[in-house]
Colleague: 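Below is one structure. I have some questions about it.
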Amino acid sequence: MQTARAAHSSRIDTRRIALPHGRALGLSELGCRDGPPVFYFHGFPGSRLEAALLEETARQLGARIVALDRPGYGESDYQPGRSIAEWPRDVAAVADALRIDRFSVLGVSGGGPYALACAAGLPGRVRAAATVGGLGPMHLPSSSYGMSRRRRIGCALLRQMRWLTRPTYALLARRMRRNIDAELANLIALTCPRDQRTLARADVREILRLSFSEALRGEAKGGARDLRLYLSEWDFDVTTITQPVALWHGAEDAIVPSAMSRQMGTEIRTAETFILPEEGHYSLPIDHAPGILRRLLETAARN
């Protein structure tokens with residue numbers, strides 16, 4: 001996979017794209033500029049710099065990765081009161097600015113709902129979609145099945161008292177700013193063996209460190225808004241998706257249970273669900289990046 005040096009170059013290559021309605025979004029482009037375009041949607045918390053994990057694979061496969069910061073993250077302006085269903089409008093505006101007509105979308109973890117929203121909201125432009133360890137709807141108590149007891153309790157509390165989402169995220173942001181290495185160590189301790197092996201790599205940790213730090217710049221309001229949206233009912237309908245969708249998940253994912261992808265697979269009639277045994281939340285998108293991206297590109301080429 002890609003080295004920390006490439007993650008740093010991704011920061012240098014960042015641009016801001018002005019949107020028609022006054023805001024601007026930050027993006028980095030990786031891989032091959034003349035290759036088939038794939039819009040990459042980062043996890044939670046995360047930023048466009050997370051896509052550096054894909055850069056070497058993108059170059060090998062000849063793909064053009066367009067990695068965006070969601071509103072309120074990194075270089076993207078905050079959008080008060082935004083919803084998930086509004087994201088396709090922003091993505092379409094960026095695609096227009098880059099003179100990209102049709103493209104694929106790839107959402108990792110908390111970026112999963114945004115990839116599905118684009119498939120639903122831009123049927124004429126999105127060729128194919130993929131989620132990797134993608135988050136499913138969390139407004140129902142059953143959505144936390146498979147999570148650790150601590151996470152289940154936290155989700156239940158936040159579902160009942162949505163006003164806590166902002167102070168909860170603010171606390172997470174303060175802890176990560178104060179000692180991001182300690183927080184990464186705590187995260188690693190909660191993951192499965194495959195995840196721990198992947199996260200032991202210095203290059204992976206450095207990219208995640210840069211991505212998390214970028215996500216938490218400024219007031220970090222984007223993550224607080226995301227947290228509230230994740231715990232609310234989605235404002236788009238996945239059953240309307242007509243493009244091919246690949247739902248990838250690690251069977252041992254301790255952060256986002258694989259049951260979420262299984263459920264999405266029953267609701268999206270064009271979806272194929274791939275549950276990989278022994279893989280976790282980080283090992284799957286990092287160690288299986290070539291297979292995931294290759295399948296997405298091949299599917300898009302046929303659509």
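Numbers here simply count residues along the sequence, with the first being 1.
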Colleague: Between Ser258 and Asp253, is any side-chain donor less than 3.5 angstrom from a side-chain acceptor?
Modeller: no

Colleague: Give a yes or no on whether a salt bridge exists between Arg70 and Asp226, defined as a side-chain N under 4.0 angstrom from a carboxylate O.
Modeller: yes

Colleague: Same hydrophobic cluster for Phe44 and Tyr78, using side-chain heavy-atom links shorter than 4.5 Å among ILVMFWY?
Modeller: no

Colleague: Mind checking whether Pro244 and Asn303 have side chains closer than 4.5 Å, heavy atoms only?
Modeller: yes

Colleague: Is Val132 close to Leu247 at the side-chain level, that is, under 4.5 Å between some pair of heavy atoms?
Modeller: no

Colleague: Do Val256 and His249 come close enough that some side-chain heavy atom pair is under 4.5 Å?
Modeller: yes

Colleague: Search all heavy atoms of Tyr73 against all heavy atoms of Ala215 and return the closest pair with its distance.
Modeller: CD2-CB, 3.8 Å

Colleague: So, do Asp237 and Thr240 sit near enough that their side-chain heavy atoms are less than 4.5 Å apart?
Modeller: yes

Colleague: Would you give the length of the straight line joining atom CD of Gln79 to atom NZ of Lys221, rounded to the nearest 0.5 angstrom?
Modeller: 12.0 Å

Colleague: Begin with the C-alpha distance, continue with both residues' side-chain angles, and end with the deciding distance and a verdict on salt bridge (Lys or Arg N to Asp or Glu O under 4.0 Å) for Arg209 and Glu206.
Modeller: CA-CA 5 Å; Arg209 185 184 293 109; Glu206 179 62 14; 2.4 Å; yes

Colleague: Do Tyr282 and Gln196 have a side chain donor and acceptor closer than 3.5 Å?
Modeller: no

Colleague: Restricting to non-hydrogen atoms, name the atom on Gly111 and the atom on Tyr230 that form the minimum distance, rounded to 0.1 Å.
Modeller: N-OH, 4.4 Å

Colleague: Go through Asp287 and Arg197 one step at a time and tell me if the salt bridge (Lys or Arg N to Asp or Glu O under 4.0 Å) criterion holds.
Modeller: CA-CA 10 Å; Asp287 298 338; Arg197 186 173 65 194; 5.3 Å; no

Colleague: Any Lys/Arg nitrogen of Glu56 or Arg59 sitting under 4.0 Å from an Asp/Glu carboxylate oxygen of the other?
Modeller: no

Colleague: Kindly say whether Ala119 contributes a backbone atom to a donor-acceptor pair with the side chain of Gln243 at under 3.5 angstrom?
Modeller: yes

Colleague: Report the distance from atom OG of Ser213 to atom CG of Leu208, rounding to the nearest 0.5 Å.
Modeller: 10.5 Å

Colleague: For residues His281 and Asp195, is any side-chain donor paired with an opposing acceptor at under 3.5 Å?
Modeller: no

Colleague: CD/Glu278 to CZ/Arg194 distance, rounded to the nearest 0.5 angstrom?
Modeller: 4.5 Å

Colleague: With the threshold set at 4.0 Å, does a side-chain nitrogen-carboxylate oxygen contact exist between Arg295 and Glu298?
Modeller: no

Colleague: Which heavy-atom pair separates Leu122 from Pro88 by the least distance, and what is that distance?
Modeller: CD1-O, 3.6 Å

Colleague: Answer yes or no: is there a side-chain heavy-atom contact under 4.5 Å between Arg205 and Ile188?
Modeller: yes

Colleague: Once you round to the nearest 0.5 Å, how far does CZ of Phe103 lie from CZ of Arg64?
Modeller: 11.5 Å

Colleague: May I have the step-by-step check of side chain to side chain contact (heavy atoms under 4.5 Å, CB included) for His288 and Leu276, ending in yes or no?
Modeller: CA-CA 10 Å; His288 292 269; Leu276 276 63; 3.6 Å; yes

Colleague: Quick check for you: to the nearest 0.5 Å, what is the distance between Cys32 atom SG and Glu55 atom CD?
Modeller: 9.5 Å

Colleague: Assess whether a salt bridge exists between Arg15 and Glu75, defined as any Lys/Arg side-chain N lying under 4.0 Å from an Asp/Glu carboxylate O.
Modeller: no

Colleague: Please evaluate residues Met260 and Met264 with respect to the criterion side chain to side chain contact (heavy atoms under 4.5 Å, CB included), reporting the C-alpha separation (whole Å), side-chain torsions for both, the decisive distance (0.1 Å), and the verdict.
Modeller: CA-CA 6 Å; Met260 290 189 172; Met264 286 292 95; 5.8 Å; no

Colleague: Are Val204 and Ile207 packed together at the side-chain level, in the sense that at least one heavy-atom pair is separated by less than 4.5 angstrom?
Modeller: no

Colleague: Nearest 0.5 angstrom please: Asp69 CG to Leu27 CG, how far?
Modeller: 8.5 Å

Colleague: Check this for me, if you would: do Arg262 and Glu267 make a salt bridge, where the nitrogen-to-carboxylate-oxygen distance has to be below 4.0 angstrom?
Modeller: no

Colleague: If every non-hydrogen atom of Ala115 is compared with every non-hydrogen atom of Leu106, which pair is closest and at what distance?
Modeller: CB-C, 4.3 Å

Colleague: Do Asp101 and Arg127 sit within salt-bridge range, that is, some charged N less than 4.0 Å from a carboxylate O?
Modeller: no

Colleague: Among residues at least two apart in sequence or on other chains, which ones pass side-chain contact (heavy atoms from CB on, under 4.5 Å) with Arg33?
Modeller: Glu29

Colleague: Donor-acceptor pair, distance only, cut-off 3.5 Å: does the side chain of Arg225 make one with the backbone of Gly72?
Modeller: no

Colleague: For Asn179 and Ala182, work out which heavy atoms get closest and say how close.
Modeller: OD1-N, 3.0 Å

Colleague: Do you reckon Ile275 sits in the same ILVMFWY cluster as Leu135, going by side-chain contacts under 4.5 Å, direct or chained?
Modeller: no

Colleague: With a 3.5 Å distance limit and no angle check, can you tell me whether Glu214 reaches the backbone of Ser211 through a side-chain donor-acceptor pair?
Modeller: no

Colleague: Look only at the side chain of Asp235 and the backbone of Ala85, and say whether a donor-acceptor pair between them is shorter than 3.5 Å.
Modeller: yes

Colleague: Check the pair Leu297 / Arg294 against side chain to side chain contact (heavy atoms under 4.5 Å, CB included), numbers first and verdict last.
Modeller: CA-CA 5 Å; Leu297 294 173; Arg294 181 181 295 108; 5.8 Å; no

Colleague: Centroid-to-centroid, Phe41 to Tyr114, below 6.0 Å?
Modeller: no

Colleague: Grab the two heavy atoms, one from Trp87 and one from Pro71, that are nearest each other, plus how far apart they are.
Modeller: CZ3-CD, 3.5 Å

Colleague: Under 3.5 Å, is there a donor on one side chain and an acceptor on the other for Ser28 and Thr14?
Modeller: yes

Colleague: Using a strict 4.0 Å threshold on nitrogen-to-oxygen distance, state whether Asp90 and Arg82 make a salt bridge.
Modeller: no

Colleague: Kindly indicate, with the supporting measurements, whether the criterion side chain to side chain contact (heavy atoms under 4.5 Å, CB included) is fulfilled by Thr273 and Trp248.
Modeller: CA-CA 6 Å; Thr273 306; Trp248 299 85; over 6 Å; no

Colleague: Is there side-chain contact between Leu25 and Arg23, with heavy atoms separated by less than 4.5 Å?
Modeller: yes

Colleague: Quickly, which of Thr131, Val245, Val126, Leu296 forms a side chain to side chain contact (heavy atoms under 4.5 Å, CB included) with Val105? Name it, please.
Modeller: Val126

Colleague: Run the salt-bridge test on Arg178 and Glu183 with the 4.0 Å N-O cut-off and return the result as yes or no.
Modeller: no

Colleague: Under a 4.5 Å cut-off applied to non-hydrogen side-chain atoms, are Leu49 and Phe212 in contact?
Modeller: no

